[in-house]
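Below is one structure, written out as structure tokens, with a few remarks after it.
What's counted below: heavy atoms across the whole structure, side chains too, no hydrogens, waters or symmetry copies. Computed from a prediction, not measured in an experiment: that's the story for all the values here. Proteins come first, then strands; the chains are lettered A, B, ... in the order of their sequence lines, and each starts at number 1.
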Amino acid sequence: MTATTTARRGRIRPSARPPETAVRRRGRAWTVLAWIAAAVFFAPVAWMVLTSLHAEVDAATNPPSLFAPLTLDQYRLLFGRNITPFLVNSLMASVLSTLLVLGLAIPAAYALSIRPVERWRDVMFFFLSTKMLPVIAALLPIYLIVQRLNMLDNVWTLVVLYTAFNLPIALWMMRSFLREVPREILEAAQVDGAGLVTTLRSVVAPVALPGIVATGLICFIFSWNEFLFAVNLTATRAATSPVFLVGFITNEGLFLARLCAAATLVSLPVLIAGWATQDKLVRGLSLGAVE
Amino acid sequence: MVTRSSNRNIVSAIVLGVAIALLAACSGAGTPSDDGSVGAAGEPPPTDGATGETVAGADTITVLMVGNPQMEDIQGLTEEHFTAETGIDVRFTILPENELRDRVTQDVATQAGQYDVVTIGAFEAPIWADNGWLTDLSGYLAEDEEFDGDDLLQPMVTSLSGSDGNLYAAPFYGESSFLMYRIDLFEQAGLEMPERPTWDEVAEFAAELDGIEPGVAGICLRGLPGWGELFAPLTTVVNTFGGTWFTEDWEAQVDGPEFTEATQFYVDLVREYGQDGAAQSGFTECLNTFAQGRAAMWYDATSAAASVEDPNVSSVAGNVGYVYAPVKETESSGWLWAWAWAMPQTTQRAEAAWEFISWASGKDYERLVGEELGWARVPAGKRASTAEVPEYQEAAAAFYEITQNAIQEADPQGPGVQPRPTVGVQFVGIPEFADLGTRVSQEVSAAIAGQGTVEQALADGQRQAEAVAENYRD
């Protein structure tokens, strides 16, 4: 967001000549504000990473000891506790459910925006209404059903559930992205004799791609971070990384540094995914925001 | 026409692709029974994310436990020393205490049977046993000669038994409470700590020592809300002041004169001479405060001593004396707590589960920890024989005797001056106590922070306790 506003401002500047200094000053003020906001939001993350590199004793001092010696002990301990299965489970649940969500949401969104079905408003509202029930209220019935199906402690259960959770959000996001596809180019494609597949591939896809990436990433993040269902529906085999994380909390002994190390490690995949898709993401998210 | 046929091709290609992917994933996850034995042979177990019951063969048990340091140790030692010998693969899940309670309750109530062994505390053991959630261990105990059940400390057995007198959980490690004090500071002030101090003496010491060095508090006491935090030490103070939560016939006594006097004493003591931020100090925070030399005394769990004497964690190691829990009206006032291994009623693999429990709770495991990880890390406080091991005596020289005695002296059936309705020193053995204790502790903690009064806190507490007691009066 901030990136796009500053970029836009930069573009405006040369043409708006007379009040240039005022504009520039305001631009600078915004930049400073953006930096401060970024620093405020980033500080806890930096603190987490720093704490994860401290020894347990230094992490627990009050006032905090910023310059305590750094160590990788906590990370060594993590792998000693075998974090890998949890990461693999998380990855499996998040990636598969995200793919499923996109596979379902994109055609649905197409049918609700580019070639809207009848009463598409009702459909959209129906999808939204599934998010109105507090998740915790659904936990017990879902637990019982899953148990009867003998699917407790099974990653596929999570894949199905996360797909269901994220589908409405993905659908709403994808619909607003697809609406950005200008009518005119669709018509132009039709006039040129392009079939549905060609239109989708050569006209819709390039325009909607940032949106798809943004939607996918959000679904991935939501499933990656989900805790309530993961902790209740899994036991020893299908437990995901958030469940692994809380295992470090203990009433006896110090755990802050270890918890931070685990949290850092668990945040990495999301961070990497975000980084990899950064340029698409910024475009995608600001598209949606304008809508 | 061309587009339509290519359309169909694409669709069928996608369908085929998805089907293949699904099949591959299913068969990958659905046939891990051989992999289980691979895991047993020494490699880390494969991450088969899927399929429930079929994965865990007869030689695999699942263990749900809290993430305390002793549990981490056993997780590290199991594969090499238990699985290798017995062929039983053990899968651990670690959760915080509250999540663990929820999970076990859920698992047993719905008969899901996902866990074969769970760690439970002395608080849950009798309650869950009487609910019929746990397997009676006395039969296994009698048959397992190597386990040597007679070696277990009696108060441990009492507090882990159901009302039928049978043992429902095998202790892993146990603790009482005692008073830790800084020998150097006491010498500096010319004070002498008696072996069995009274609370009045402790208050005097705290007044003398508060601020003896910059940033050093007279005493460190828990103030963090929670029945297992603030009310663990505070209930022992109440006990020895002659108070109680409930009388034997379930009359709430929370606003009684003794309960009030004890709470007021505790709050005043920690407000005047206690550590900074006392209202937010639990066990962990107090350990920090004391281990960094910022308090002259600390009344807390005997299990803290191992950390206090560990030079890696503590700057006061070797400089700390240990005496019995301070008293007023009673002879002793230490609490009693244990983490123990229990087998949910729903377990599918009772024999293998007992084999694990017997190993984890046995003498040989203590020796194993001593030799592999150091004798200070032994899960002690449950067996009489532990204190006879010379290596342990050496490693825990400063505190092993008093720890053992404090546990022996604790009387979970009669910790105060009057008869009690349930088993338990620092808690009342009813499920409602977790909620009741936590709610009252929130107001007492507020009083420690200077918001609200003890009278108000206990008046509210009395009302809540009375509501709970009504359920139990005939």
Toward chain B, the part of [X] with a non-hydrogen atom under 4.5 Å:
| X | result |
| --- | --- |
| A:T234 | backbone |
| A:R148 | neither |
| A:V159 | neither |
| A:A235 | both |
| A:F244 | neither |
| A:L144 | side chain |

Sort out for me which of [options] touches chain A most, counting heavy-atom pairs under 4.5 Å.
| options | result |
| --- | --- |
| B:Q75, B:Q106, B:E229, B:M65 | B:Q106 |
| B:L95, B:T93, B:V66, B:T110 | B:T110 |
| B:E72, B:M71, B:Q70 | B:E72 |

Counting N and O atoms only, with roles assigned by atom type, does the side chain of [X] sit under 3.5 Å from a partner on the main chain of [Y], one being a donor and the other an acceptor?
| X | Y | value |
| --- | --- | --- |
| A:T236 | B:R91 | no |
| B:E97 | A:T250 | no |
| B:R103 | A:N232 | yes |

Practice task
Any pair with a residue in residues 112-124 of chain B that passes salt bridge (charged side-chain N to carboxylate O under 4.0 Å, His left out), sequence neighbours left out, goes on the list, sorted by first then second residue, please.
Solution key: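 As it turns out, the salt bridge (charged side-chain N to carboxylate O under 4.0 Å, His left out) pairs with a partner in residues 112-124 of chain B, which skip direct neighbours, are B:R101-B:E124, B:D116-B:R349.
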Check whether [X] gets within reach of chain A through its side chain, its backbone, both or neither, counting any heavy atom under 4.5 Å.
| X | answer |
| --- | --- |
| B:N312 | backbone |
| B:F92 | backbone |
| B:N288 | side chain |
| B:T284 | both |

Handout entry: A:V203: partners by side chain to side chain contact (heavy atoms under 4.5 Å, CB included), with sequence neighbours left out
Key = A:I185, A:L186, A:A189, A:T199
Practice task
Return the option, out of A:V231, A:L256, A:V243, with the maximum number of heavy-atom pairs under 4.5 Å with chain B.
Solution key: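 Of the options given, most contacts go to A:V231.
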Exercise for the section: Would you mind reporting whether A:E56 and B:V313 have side-chain heavy atoms less than 4.5 Å apart? Expected result: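 When only atoms from C-beta onward are counted, A:E56 and B:V313 do not touch, as no gap falls below 4.5 Å.
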